[in-house]
Protein chains: 2
Amino acid sequence: MVQYSKKIQAVPEPTIRRMPSYLAFAEGLLRKGQQFVSSTQIANYMNIDPTQVTKDLSYTTIVGKTRVGYEVKAIVDVLSEFLGFSVMDNAFLVGAGSLGSALLHDSGLNHFGLKIEAAFDINPATIGRKINDVEVFHIDQFRDLAQELNVIMGIITVPAENAQTVADLMVAWGIKAIWNFTPARIKVPDDIIVQNTTLYSNLAIIFNKLHQDKREE
Amino acid sequence: MVQYSKKIQAVPEPTIRRMPSYLAFAEGLLRKGQQFVSSTQIANYMNIDPTQVTKDLSYTTIVGKTRVGYEVKAIVDVLSEFLGFSVMDNAFLVGAGSLGSALLHDSGLNHFGLKIEAAFDINPATIGRKINDVEVFHIDQFRDLAQELNVIMGIITVPAENAQTVADLMVAWGIKAIWNFTPARIKVPDDIIVQNTTLYSNLAIIFNKLHQDKREE
DNA sequence: AATCAATAAAGAAATTTTTCTTTAATAAAA
DNA sequence: TTTTATTAAAGAAAAATTTCTTTATTGATT
Ligand SMILES: NC(=O)c1ccc[n+]([C@@H]2O[C@H](COP(=O)([O-])OP(=O)(O)OC[C@H]3O[C@@H](n4cnc5c(N)ncnc54)[C@H](O)[C@@H]3O)[C@@H](O)[C@H]2O)c1
Ligand SMILES: NC(=O)c1ccc[n+]([C@@H]2O[C@H](COP(=O)([O-])OP(=O)(O)OC[C@H]3O[C@@H](n4cnc5c(N)ncnc54)[C@H](O)[C@@H]3O)[C@@H](O)[C@H]2O)c1
């Protein structure tokens, strides 16, 4: 009878996963000057069922007009608000290696409400460098800097074997959410939000479909 | 009555998503010399229900021993085979920017059965460079090189607005699967496998949980 | 040797998510 | 003006996934 995650979740996770794509699509339409968009159009873009789009949007305050669709501007405004992209949250990134640097370079994170305030590493070669205006500090300075800045999220991009050490540090300081890019699972107290982003899962799905195709032949 | 994806899928996608983590965990245990592992241990590591692990593994040929668990070596061997990680598939990467470079540097892809044979870009500054032994060619050379090498997967890491152009090129040449890292959805024929890896979805999930916590207070 | 406790496995039940159906609205066409 | 076609919305049904329950096995303990 152990609860593995307190799911008092009104909005289904798959819905939340799809929403950023709806938003990106709507932003594109807005730039092109399109005023309305129907669930059919969105569904066609996403390659999913139109009623799925309707249902997803029904979790927000967006309402559509029969025979017309949804106002593009409304989708952009409401979704970015709804997804928490319109307020900036501050984060620290630990592990300024290949993946860490890529994330630091990515303006998309900024656009979607995440500001990486500082990066940390243990490699003397990278410490002191600035990556896309974000300074890389020695990991020992984590505490002091965390105190200074209002940081609620920690991003882990160190080698898998060091993930737990870094997570412990983040928890000890009082970070609320951890975005873990290593394939390792970390152990943290229940009230800390952990999001594991394992790219290799995607690879497994592709291979599975590829080989399934092979089997059918 | 349109079919959006032919799901003749025996193994649930969530199961496939979890398996690479089981594998990584088992590989770690193997290195430490542990011979058996129970579903309880795996579940504890993954923060999920033990019966979920049992059910997941039941899709493979792995069988466990009552009161003992599963043989670690068997999990490693069977899962890497099952997930398609034990045969090398060849890929091309288009867009040798920040994210593309990170992927090229990542030995994890190699370990999980993906060999990036060549990279492509349009930026003269990057063309000709070698990133982790993978050469960066001009995109115009895609066709010729694809002919030469046995490439079945294309990885897209160009800016979102160029994703469709690149996808079209890949399809025209005859690539079977596309791993799309841009937030844009691409249109391809039905027989092409597309895996969208949108990092921002993960961000949305974290924010949703964070703000939910705030609401509960 | 007998009992206990931990576990895998299989199936049932519950839950979650997607898809289908119906209804009502309304823009466009006849 | 009337008809037609497209759409959003709400709810029902279906499908997929997870969790629970039961059973059998077996290593460890008494
Ligand atoms: N590169 C990719 O595209 C990619 C893809 C998928 C997953 N990942 C995962 O992301 C993680 C990082 O991968 P990478 O390719 O960027 O590796 P990397 O070696 O390029 O970078 C890791 C960085 O972490 C630093 N580091 C190590 N221990 C540290 C510690 N205790 N505190 C602070 N910094 C520390 C290193 O000095 C290095 O700069 C790995 O777990 C990898 O599996 C990477
Ligand atoms: N950097 C990240 O961490 C990150 C995170 C999430 C998503 N993404 C997505 O990945 C994509 C790439 O991001 P990035 O940060 O690596 O961008 P980037 O600008 O660093 O790299 C893009 C590269 O693609 C090349 N390019 C552009 N058009 C091309 C074409 N038609 N053919 C071949 N090459 C072309 C550019 O020259 C450049 O080298 C974007 O869609 C971005 O949203 C990146």
Side-chain angles (χ1 to χ4, degrees), chain A residues 1-19 21-22 26 34-72 74-75 78-79 201 205 208-209 212, chain B residues 1-19 21-22 26 34-72 74-75 78-79 201 205 208-209 212:
Chain A
M1 272 277 202
V2 186
Q3 209 97 11
Y4 295 95
S5 65
K6 20 174 183 175
K7 276 196 187 165
I8 323 151
Q9 187 170 30
V11 185
E13 191 165 303
T15 295
I16 308 251
R17 278 190 182 286
R18 285 185 291 266
M19 282 177 168
S21 301
Y22 299 164
Q34 189 174 319
Q35 203 177 353
F36 288 96
V37 64
S38 70
S39 62
T40 315
Q41 282 177 286
I42 299 175
N44 190 45
Y45 169 75
M46 297 282 293
N47 252 279
I48 56 174
D49 191 286
T51 55
Q52 182 77 85
V53 176
T54 312
K55 191 135 286 180
D56 284 346
L57 292 180
S58 78
Y59 290 105
T60 72
T61 57
I62 300 166
V63 280
K65 260 194 195 161
T66 301
R67 229 3 271 247
V68 176
Y70 303 93
E71 209 184 334
V72 174
I75 294 186
V78 174
L79 275 192
S201 291
I205 292 172
N208 179 253
K209 288 181 185 162
Q212 194 167 64
Chain B
M1 276 280 198
V2 186
Q3 209 97 9
Y4 296 95
S5 66
K6 18 171 184 176
K7 276 198 187 165
I8 324 152
Q9 188 171 30
V11 186
E13 191 166 302
T15 295
I16 307 243
R17 277 192 182 286
R18 285 185 292 266
M19 282 177 167
S21 301
Y22 299 164
Q34 189 173 319
Q35 202 178 353
F36 288 96
V37 64
S38 71
S39 62
T40 316
Q41 282 178 286
I42 299 176
N44 190 45
Y45 170 75
M46 297 282 293
N47 251 280
I48 57 173
D49 191 285
T51 54
Q52 182 77 85
V53 176
T54 312
K55 193 137 282 178
D56 286 345
L57 292 180
S58 78
Y59 290 105
T60 71
T61 56
I62 299 167
V63 281
K65 261 194 194 162
T66 302
R67 238 347 277 258
V68 175
Y70 304 93
E71 209 184 336
V72 173
I75 294 186
V78 174
L79 275 192
S201 291
I205 292 171
N208 180 253
K209 288 181 185 163
Q212 195 167 62

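Within every chain, numbering begins at 1; the chains are lettered A, B, ... in the order of the sequence lines, protein sequences first and strands thereafter. Values below: every heavy atom of this structure, side chains too, minus hydrogens, waters and symmetry copies.
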Judged by atom type as modelled, is there a donor-acceptor pair below 3.5 Å linking the side chain of S201(B) to the main-chain atoms of R17(A)? yes

Toward the 5' end of DNA chain C, by each residue's nearest nucleotide, V68(A) or T15(A): T15(A)

Counting heavy atoms from C-beta on, name the nucleotide in dT26(D), dG11(C), dT6(D) closest to the side chain of T66(B). dT26(D)

Between dA5(C) and R67(B), counting only base atoms on the nucleotide and side-chain atoms on the residue, is there a donor-acceptor pair under 3.5 Å? yes

May I ask you to say what R17(A) touches in the nucleic acid, namely base, sugar-phosphate or nothing, with a heavy-atom cut-off under 4.0 Å? nothing

Under 4.0 Å between a side-chain N or O of S39(B) and OP1 or OP2 of dT7(C)? no

Locate the shortest heavy-atom distance separating V63(B) from Y70(B); write the atom from each residue and the value. C-CD2, 3.9 Å

Taking atom C1' of dA10(D) as reference, at what distance in whole Å does atom CG of L57(A) sit? 15 Å

Atom NZ of K65(B) and atom P of dG27(D): how far apart are they, to the nearest Å? 7 Å

Starting at the 5' end of DNA chain C, which residue's closest nucleotide do you reach first, Q52(A) or T54(B)? T54(B)

If we only count heavy atoms from C-beta on, is the I205(B) to K209(B) side-chain gap below 4.5 Å? yes

Length of the line joining D49(B):CG and dA13(C):C1', which is rounded to integer Å: 14 Å

Given dT18(C), dT7(C), dT19(D), which nucleotide is nearest the side-chain atoms of P14(A)? dT18(C)

Please classify the nucleic acid contact of T40(A) as base, sugar-phosphate, or nothing, using heavy-atom distances under 4.0 Å. sugar-phosphate

Between dA8(C) atom C1' and E71(B) atom CD, what is the distance in whole Å? 15 Å

Indicate, with a heavy-atom threshold strictly under 4.0 Å, whether K55(B) touches base, sugar-phosphate, or nothing. base

Rounding to a whole Å, what distance do you find between I16(A):CD1 and dT18(C):P? 12 Å

Please classify the nucleic acid contact of T51(A) as base, sugar-phosphate, or nothing, using heavy-atom distances under 4.0 Å. base

Can you figure out which of dT7(C), dC20(C), dA9(D) approaches the side chain of Y70(A) most closely? dA9(D)

With a 4.5 Å heavy-atom cut-off, do Q52(B) and M46(B) have their side chains touching? no

For I75(B) and A26(B), the nearest pair of non-hydrogen atoms, with its separation, is CG2-CB, 3.7 Å

How long is the line joining CD1 of I62(A) and C1' of dA8(D), in whole Å? 13 Å

Distance check needed: dT15(C) P versus E13(A) CD, whole Å only. 19 Å

F36(A) CZ to dA28(C) P: how many Å, rounded? 11 Å

